[in-house]
Number of protein chains: 2
Amino acid sequence: MPSQHGKSGDPARSLSLLWRTQEPTSRGRGKPGLNVDRIVAAATGLADSEGIAALSMRRVADALGVGTMSLYTYVPGKGELLDLMVDAAYGDLDTDDRSGAWRERLRRIAFANRALYVRHPWMLQVVTTRLLGPNLIAKYDHELSAVDGLNLSEVEMDSTVNLVNGYVESTVRQTLGAEQVARDSGMDDEQWWRTYDPLLAALADDTRFPTASRVGTAVGRAHQAVYDPDHEFSFGLERVLDGVRALVDSRAPTDD
Amino acid sequence: MPSQHGKSGDPARSLSLLWRTQEPTSRGRGKPGLNVDRIVAAATGLADSEGIAALSMRRVADALGVGTMSLYTYVPGKGELLDLMVDAAYGDLDTDDRSGAWRERLRRIAFANRALYVRHPWMLQVVTTRLLGPNLIAKYDHELSAVDGLNLSEVEMDSTVNLVNGYVESTVRQTLGAEQVARDSGMDDEQWWRTYDPLLAALADDTRFPTASRVGTAVGRAHQAVYDPDHEFSFGLERVLDGVRALVDSRAPTDD
DNA sequence: ATCCTGGCCCGTAGGGCGTACGGGCCAGTG
DNA sequence: CACTGGCCCGTACGCCCTACGGGCCAGGAT
């Protein structure tokens with residue numbers, strides 16, 4: 001199922017790819033039919049529609065009507081392709097709007113990131129450490145600016161942004177994982193529970209796990225009734241922002 | 001790199017495996033040399049030491065000195081094996097200690113979960129939706145009990161526990177991802193930045209991303225100096241718990 | 001006008017993976 | 001004593017990534 005792609009290639013090459021550092025050549029046969037952008041776009045489309053599990057170099061090449069190995073003329077390997085896909089996707093975020101107070105800005109950032117991950121679920125499967133593409137840096141800069149000027153230390157600013165982003169990622173991951181399982185099994189939550197709850201009840205009786213049983217039932221009922229994912233997401237987000245507020249208040253004790 | 005395993009097998013079979021529902025048979029050839037527990041243990045050892053990317057049915061079978069296909073006598077497939085591994089790993093958590101006030105209890109839970117994920121990094125790569133093993137349910141019950149009796153609704157209790165768990169998972173994921181990249185590249189952060197920062201500086205000048213540049217530099221320096229991962233983890237955790245406190249206080253306005 | 005060169009494209013092949021299928025083996029039961 | 005059903009597993013199929021090397025061809029150099 002899993003793993004990461006190691007990528008392990010030359011970081012200098014990766015950087016030059018991410019920042020599109022390449023003068024158009026003259027030598028060589030006519031116009032190239034392929035280029036990095038087309039490959040990234042095809043791969044992204046495939047990953048969006050069929051999931052990252054279906055993303056293979058063969059499938060990408062097929063989608064482009066080209067031999068598998070042709071991709072390697074433009075991209076060192078699958079790992080670098082994934083990096084390029086992630087940075088390109090982050091390019092969809094608005095990094096210009098810097099209006100409003102910190103809480104409103106962090107809220108907007110959280111919702112925008114969430115929407116992006118929902119659009120491109122595979123992004124959550126790619127490790128982005130040392131992925132220094134232009135769009136990732138612009139995103140980081142934009143997010144940090146939301147908590148700049150609040151008397152936080154630089155390390156605290158970084159932690160705060162990571163805290164919010166971590167919340168977004170973990171909730172989206174949860175949601176997408178559930179959707180994937182539902183898709184794979186061909187049963188939605190209600191069908192599934194109706195079928196297997198009796199079986200589970202025979203194994204784990206309510207007296208052994210009283211709290212889990214009570215809460216699980218209530219949560220199931222709530223989801224079945226008027227379940228609003230945005231509301232659920234907002235609830236946790238406001239808790240996180242309350243925590244940030246406590247920090248911000250403590251750093252600006254006199255003028256608040 | 002990624003994906004999940006679909007598993008898609010018969011959930012009833014999975015449940016019976018997770019809860020070890022099987023009377024020892026009599027018919028058949030002598031004593032079986034293999035059993036589910038031995039397979040799960042071997043697979044866990046392999047995943048712990050070499051990463052989930054190295055976990056293959058062949059490798060597990062080799063570690064047990066057995067043919068690959070013999071595993072399928074005890075386990076329907078790789079997906080189910082991963083489920084069994086996860087539930088078994090959660091069995092290491094202490095689910096008895098219910099002493100202390102909610103904040104202290106959530107703090108203990110967060111640290112215990114973090115330690116578990118550090119010990120078994122591959123756990124973060126397995127989707128646990130509808131994974132209803134005995135240890136996972138016991139964990140859920142134990143964690144919910146930490147926020148029981150605080151006048152929270154059941155849905156709020158569930159959200160709160162998820163909030164804390166989500167924080168833990170996202171921070172550990174970040175840390176482990178960074179470690180994996182460092183291992184794969186053979187360079188620690190300091191070496192890496194010393195080598196590639198000049199290259200990056202040529203591409204992204206400081207004036208274009210002023211906040212990212214300032215904060216990135218400060219965070220890098222801080223990590224290089226007296227970096228204490230526990231302290232970093234605690235910082236964010238206390239922010240999360242502050243957010244929970246705001247909720248708890250609002251639900252018990254009169255007697256606090 | 002010819003040759004060279006270097007980019008592009010990609011077929012082949014090697015070493016992984018998960019697992020379906022079917023068959024050999026043998027202890028206990030009938 | 002035959003049978004049966006659990007155990008063990010070799011083989012094979014269809015995927016995956018990618019190293020290697022070769023064919024092709026437009027432009028530059030001579």
Side-chain angles (χ1 to χ4, degrees), chain A residues 1-10 13 22-39 42-43 46-47 50-83 125 184, chain B residues 1-10 13 22-39 42-43 46-47 50-83 85 125-126 184:
Chain A
M1 47 87 38
S3 97
Q4 198 58 224
H5 214 271
K7 59 193 159 187
S8 74
D10 176 16
R13 173 85 196 276
Q22 5 145 11
E23 54 256 30
T25 64
S26 63
R27 291 297 278 276
R29 170 172 69 165
K31 300 266 180 59
L34 222 44
N35 60 52
V36 173
D37 287 331
R38 290 227 300 139
I39 294 173
L46 190 57
E50 301 201 37
I52 196 167
L55 184 77
S56 75
M57 298 303 269
R58 279 190 235 273
R59 297 284 312 270
V60 173
D62 285 354
L64 289 163
V66 108
T68 307
M69 293 312 292
S70 300
L71 304 180
Y72 289 86
T73 303
Y74 298 91
V75 159
K78 195 185 185 181
E80 289 84 352
L81 175 54
L82 286 165
D83 287 352
Q125 317 259 20
D184 289 351
Chain B
M1 46 86 35
S3 97
Q4 199 59 222
H5 214 269
K7 53 193 164 190
S8 73
D10 175 16
R13 174 84 196 277
Q22 5 146 11
E23 54 257 31
T25 64
S26 62
R27 290 299 277 276
R29 172 171 70 165
K31 301 263 181 63
L34 223 46
N35 59 54
V36 172
D37 287 330
R38 290 227 301 139
I39 294 173
L46 190 57
E50 302 200 38
I52 195 165
L55 184 78
S56 75
M57 299 302 271
R58 280 183 232 270
R59 297 281 313 267
V60 173
D62 286 354
L64 289 163
V66 107
T68 307
M69 292 313 292
S70 300
L71 303 181
Y72 289 86
T73 303
Y74 298 91
V75 159
K78 195 184 184 182
E80 288 84 353
L81 175 55
L82 285 165
D83 288 352
M85 291 166 64
Q125 316 258 22
V126 182
D184 289 352

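So that the names make sense, note that chain A is the first sequence line, chain B the second, and so on, each numbered from 1.
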Asker: Roughly how far, to the nearest 0.5 Å, is CE of B:M57 from CD1 of B:I39?
Answerer: 7.5 Å
Asker: Taking only residues two or more places apart in sequence, or in another chain, which ones meet B:R59 in a salt bridge (Lys or Arg N to Asp or Glu O under 4.0 Å)?
Answerer: B:E50
Asker: Closest to the A:L34 side chain: C:dC17, C:dC9, D:dC8?
Answerer: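 Nearest nucleotide to the side chain: C:dC9.
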Asker: Rounded off to whole Å, could you give me the CZ-to-P distance for the A:R59 and D:dG14 pair?
Answerer: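 Spelled out: CZ on A:R59 to P on D:dG14 is 17 Å.
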Asker: Starting at atom NZ of B:K78, determine the distance to atom C1' of C:dG16, rounded to an integer number of angstrom.
Answerer: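 For the pair B:K78 NZ and C:dG16 C1', the rounded distance is 11 Å.
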Asker: Take atom CD of A:E80 and atom C1' of D:dC17, then tell me their distance rounded to the nearest Å.
Answerer: 12 Å
Asker: Between B:M57 (CE) and D:dA12 (P), how many Å, whole number?
Answerer: 21 Å
Asker: For every nucleotide of nucleotides 10-15 of chain C, 5' to 3': is a protein heavy atom under 4.0 Å from its base (B), only from its sugar-phosphate (S), or from neither (-)?
Answerer: BBB---
Asker: Only one of B:V75, B:T73, B:V66 clears side chain to side chain contact (heavy atoms under 4.5 Å, CB included) with B:L34; which?
Answerer: B:V66
Asker: Once salt bridge (charged side-chain N to carboxylate O under 4.0 Å, His left out) is applied, what residue pairs with a partner in residues 60-72 of chain B remain, sequence neighbours excluded?
Answerer: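 Matches after skipping sequence neighbours: none remain.
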Asker: In whole angstroms, how far is the P atom of C:dG18 from the CG atom of B:L82?
Answerer: 10 Å
Asker: Please report the distance, rounded to the nearest Å, between CD in B:Q22 and C1' in D:dG6.
Answerer: 13 Å
Asker: Give the rounded distance in Å between these two atoms: CG of B:D62 and P of C:dG18.
Answerer: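 It is 11 Å, rounded to the nearest whole Å.
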Asker: Are any non-hydrogen side-chain atoms of B:L82 and B:I52 less than 4.5 angstrom apart?
Answerer: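 Sidechains of B:I52 and B:L82: in contact.
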Asker: Could you tell me how far apart A:R38 (CZ) and C:dC8 (P) are, to the nearest whole angstrom?
Answerer: 14 Å
Asker: Does A:R38 reach the main-chain N or O of A:G33 with its side chain, forming a donor-acceptor pair under 3.5 Å?
Answerer: yes
